[in-house]
Amino acid sequence: VSSEGVADMLLVGGGGAGGAGYASGGGAGAFVELGSAFLSSGSHSVVVGDGGLGRAIPQSQSSTPGCNGKASFVGDYFAPGGGGGIGAVMTSASSVYYGQNGLNGGSGGGASGDASGLPTGQLRQGGASVAGVGNDGGSLSLGIIYTASGGGGAGSVGVGATTYGTGGAGGSGRICYISGTAVTLAGGGGGAAPTTPGLGGSGGGGAGSINTSPVSATVNTGSGGGG
């Protein structure tokens, strides 16, 4: 920057990956829209945050979480990455797989259901978001098995799974006009389910799957992957 001044900016963090194994959708990266952001003269680092890595299921497990997305930076301004999706996890005290709360991020990852068919008496909460720049992941009703919620998007909360077999949709993205044309970015990923997976949120969120592999979001949108 040759001289100090102000600029309009849009920063979007990398989206969280969906989990694997009837797992939840990842949350979108934070959507940070700045009008008249101050930049001093001199050099400023610019980092475009990578999306989270979707991982294969280890042989000894039934599921594995997706990685959180990475933050994007312009100088001192930044947008956190989205929270990853997650599947059911076996406790060390038993062979029963229990659903998990979503992972936190710019927008939160969705919650996952049990794989045992036994309600545990606890509501599975979607991952928490960063206020004002993202939304929480979808929570999960008690007793829902092999079915997961959607990750949060920049425009709305991820949809929680409420019935067996129907995954929650990812939260919607947000429209930006910084390029002069309306573009929707940062949708949440849909949750996996055995019959009707959740749709990806508008703006590039990955759809949920019927099998156990995570589904990629649309590249360069900051959206969450499908579970």
Side-chain angles (χ1 to χ4, degrees), residues 14-29 51-69 82-90 97-103 105 107-117 124 126-127 137-141 144-153 156-173 186-219 221-227:
Y22 290 116
S24 59
L53 178 65
R55 299 183 291 184
I57 301 173
Q59 190 172 13
S60 61
Q61 300 179 22
S62 68
S63 68
T64 190
C67 295
N68 283 16
I86 194 165
V89 174
M90 185 176 69
Y97 287 85
Y98 294 99
Q100 302 293 307
N101 296 332
L103 302 181
S107 283
S112 63
D114 295 330
S116 64
R124 305 303 181 195
S139 297
L140 196 74
S141 300
I144 303 298
I145 61 172
Y146 298 115
T147 305
S149 297
S156 66
V157 174
V159 177
T162 58
T163 58
Y164 167 78
T166 301
S172 62
T195 54
T196 308
L199 298 175
S202 61
S209 65
I210 290 178
N211 58 31
T212 58
S213 299
V215 179
S216 297
T218 302
V219 297
T221 65
S223 296

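Throughout, numbering of the chain's residues begins at 1 and tracks the sequence.
Shown here are the side-chain contact (heavy atoms from CB on, under 4.5 Å) partners of T221, two or more places apart in sequence or in another chain: L185, T218, S223. In this view, S202 satisfies the side chain to side chain donor-acceptor pair (under 3.5 Å) rule with no residue, not counting sequence neighbours. Residues passing the side-chain contact (heavy atoms from CB on, under 4.5 Å) test with T166 are T163, T196, sequence neighbours excluded.
D114 CG to T147 OG1: the interatomic distance, rounded to the nearest 0.5 Å, is 10.5 Å. The line from CG of L199 to OG of S172 is 12.5 Å long, rounded to the nearest 0.5 Å.
When all heavy atoms of G18 and P214 are compared, the closest pair comes out as O-CB, 3.4 Å. Closest non-hydrogen pair, G52 versus A17, comes out as O-CB, 3.4 Å. Summarising the geometry of S139 relative to G126, their closest heavy-atom pair is OG-N, 3.1 Å, with the distance given to 0.1 Å. Contact between A28 and G153 at its shortest, heavy atoms only, is CB-CA, 4.1 Å. A pairwise comparison of heavy atoms in A161 and G168 identifies CB-N, 4.2 Å as the closest pair. Across all non-hydrogen atoms, the minimal contact from Q100 to I86 is CB-CD1, 3.7 Å.
Between the side chain of T195 and the backbone N or O of G165 there is at least one donor-acceptor pair closer than 3.5 Å. Under a 3.5 Å cut-off, the side chain of S107 and the backbone N or O of G27 do not form any donor-acceptor pair. Under the 3.5 Å distance criterion, the side-chain polar atoms of R124 are matched with a main-chain donor or acceptor of G99.
Between P194 and Y22 there is a side-chain heavy-atom pair separated by less than 4.5 Å.
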